Amino acid sequence: MLRNFRGRSEAGARGEYPKLFRNYTDTADHPKIMVNENFQKDFCRHLIGWYHSAHRTLPWRETRNPYFIWVSEAMLQQTQVQTVIPYYGRFIETFPTLIRLADADIQDVLKIWEGLGYYSRARHLYEAARIVCRTYGGTIPDTWASFRKLPGVGDYIAAAVLSFAFRQPHAVVDGNVKRVLARIFEIDEPVNQLSAKPVYQSVAKRLLSLHEPDMFNQAVMELGALICTPKNPGCENCPMSSLCRSFQNRSVSQYPKRVESRSVPTYAVSVGMVQNAQNRFLITRRAASGLLGGLWEFPGGKIQLNETPETACLREIREEVNLKVRIVENLGTIRHAYTHFRIIASVFLATADSSEVVLNGPVDYQWVSLDQISQYPLPKATHKMVALFLSKMPIPYVIRHENHMAVQKCRNGSGSRADTVHSGQFVSHQGGQGHQRR
DNA sequence: AAAGCGGGGCA
DNA sequence: TGCCCAGCTTT
């Protein structure tokens, strides 16, 4: 199995910031952040006025249903709006109420979440829904103290849901807000340092419109998404430029400041697509917590020193599912990037004489046909492997599976399928026992 | 306080 | 390729 990467802390490899800043828990006496009553009113007038004329229509802005808003905020965490839109629609269509979510199977929730990443968000949302049903009779609590306690609900989501659904005066602080505020006030505290959070929180709170907290929160995030963007900000069209210190000082490109992030390592891994005598593939389910928690994958893991991809594949399969298999085809490699590392995975087609699995690591397993595999929540990398496999299959095989999602992606991809089909690499899967190299 | 946690879009 | 994204949890 591909285990979570736990890196060593390398002093010096990271950008260790000298302590240049006071730790402001309030910014009332901050030298650069001067927000009097006049400024606050100007700020809100410019910002909210712009928002009314320029904002996008987004599905979760059409409702004040706290459950819908909560779902959207969970999905939007570290994820761009355009990515979330289709997932949001499918989620609330499948789980139209909090009670329906709480009564669902977590595997079905993960299936809807598949491809969105950060799967603990789905698990926490599901667990929180069950808690709300159990503790509050299915009514989402509308106080900070009670809502903020729920799993997966941090300061941002609590402020967002309570302000958007109930118009309570809590200021949101997300990546957009920090970028906007850092530029407007030339705030030097790095936005990706934990110690800077109280500064941005304090500024946002002092600026917040108590009259329209929901509009204010939407507007400042919308400004960050549409005008005050990370690259090429549209200062010439910005409604805040007359209030913006970095615009006046031509220092916009220097804000926000951030501490250097570590470059991610690349690991060579080896994965086996193991077929049994019925031509079904072995998939295993990962533990519920941690990387890709609860998702299904083909067995495999890191290639160790002095190992070939082939021997690593055989070892991982022996370790994880205690099967002795025979490699019949090298399908090639796929690449994939996670948060803290990248992988280059060698993918092998293998056969097992026995289907008797003994798990060590994974928490469940199934032998499935390719038609069935799309019923399980799979990581993106596993989808790439399925697509790689199909790209090596003869055309009749692919046509039999033309409804499979991976086939669609394959066809929309490099278009290499026809090439590989004629490369002499294919294996027959038309119902025969075993696999013959042509 | 720092690290873990996906995947897509973009210059 | 590296950076960034409507962050939260765990250690």
Side-chain angles (χ1 to χ4, degrees), chain A residues 2-11 13-17 19 23 56 58 60-61 69-88 110 113-125 127-128 148-161 163-164 171-180 191-197 200 204 217-226 229-232 256 258-264 266 286 289-295 335-343 377-384:
Chain A
L2 183 61
R3 293 195 163 72
N4 303 9
F5 170 63
R6 302 187 188 282
R8 298 284 180 279
S9 185
E10 300 166 22
R14 303 184 51 79
E16 307 251 343
Y17 245 62
K19 287 235 168 183
N23 279 341
R56 297 167 291 181
L58 300 175
W60 44 89
R61 286 179 176 160
I69 293 169
W70 187 2
V71 170
S72 76
E73 296 302 343
M75 290 185 167
L76 285 162
Q77 171 184 336
Q78 295 290 285
T79 309
Q80 295 184 343
V81 164
Q82 292 308 315
T83 304
V84 166
I85 289 174
Y87 282 90
Y88 173 79
L110 286 173
W113 210 274
E114 177 187 60
L116 197 54
Y118 283 166
Y119 298 94
S120 68
R121 296 181 294 176
R123 193 173 66 250
H124 288 141
L125 183 60
E127 288 302 327
R148 174 67 177 77
K149 281 197 189 87
L150 294 167
V153 178
D155 290 342
Y156 168 78
I157 289 182
V161 172
S163 69
F164 298 150
V172 298
V173 177
D174 73 332
N176 287 309
V177 175
K178 285 188 279 192
R179 184 173 59 255
V180 168
V191 289
N192 60 343
Q193 257 195 351
L194 208 59
S195 58
K197 188 178 174 185
Y200 292 96
N217 283 336
Q218 293 282 11
V220 63
M221 290 192 287
E222 192 77 341
L223 187 77
L226 299 183
T229 50
K231 294 169 189 170
N232 305 323
R258 49 178 59 244
V259 297
E260 194 178 329
S261 56
R262 188 192 338 200
S263 61
V264 299
T266 299
R286 298 176 64 93
S289 63
L291 183 73
L292 304 170
L295 274 66
R335 293 165 176 270
H336 193 69
Y338 296 88
T339 307
H340 296 291
F341 58 91
R342 305 170 191 278
I343 61 166
L378 309 174
K380 189 69 183 175
T382 301
H383 276 297
K384 289 182 183 176

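Just so it is clear, the model here is predicted, and its values are computed rather than measured. Residue numbers start from 1 in every chain, and the chains themselves are labelled A, B, ... in the order their sequence lines are given, proteins ahead of strands.
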For a quick check of understanding: with a heavy-atom distance under 4.0 Å over all strands, which category does [X] fall into, base, sugar-phosphate or nothing?
| X | value |
| --- | --- |
| Trp60(A) | base |
| Gly115(A) | sugar-phosphate |
| Arg61(A) | base |
| Ser120(A) | nothing |
| Asn217(A) | nothing |
| Leu116(A) | base |
| Gln82(A) | nothing |
| Val81(A) | base |

field: Contacts of type ring pair (Phe, Tyr, Trp, His ring centres under 6.0 Å), residue His336(A), not counting sequence neighbours
entry: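 Partners of His336(A) under the ring pair (Phe, Tyr, Trp, His ring centres under 6.0 Å) test: Tyr338(A).
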
P spacing across the pair dA3(B) / dA6(C), given as an integer number of angstrom: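 Those two atoms are separated by 24 Å.
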
query: Which value, in whole Å, describes the distance between the P atoms of nucleotides dT11(C) and dG6(B)?
result: 15 Å

query: Which side-chain hydrogen bond (donor to acceptor under 3.5 Å, both in side chains) pairs, counting each pair once, include a residue from residues 73-85 of chain A, with sequence neighbours left out?
result: Glu73(A)-Tyr156(A), Thr79(A)-Arg121(A)

- prompt: In whole angstrom, what separates Asn232(A)'s CG from dG9(B)'s P?
  reply: 19 Å

- line: Closest to the 5' end of DNA chain C, once Glu73(A) and Leu150(A) are matched to their nearest nucleotides, is Glu73(A)

query: How does DNA chain C look in dot-bracket notation if pairs are Watson-Crick or G-U with both distances under 3.5 Å, crossing ones as [ ], other-strand ones as |?
result: |||||.|||||

message: Does dT9(C) have its OP1 or OP2 closer than 4.0 Å to a side-chain nitrogen or oxygen of Arg121(A)?
response: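 For Arg121(A), the contact criterion (side-chain N or O under 4.0 Å from OP1 or OP2 of dT9(C)) is not met.
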
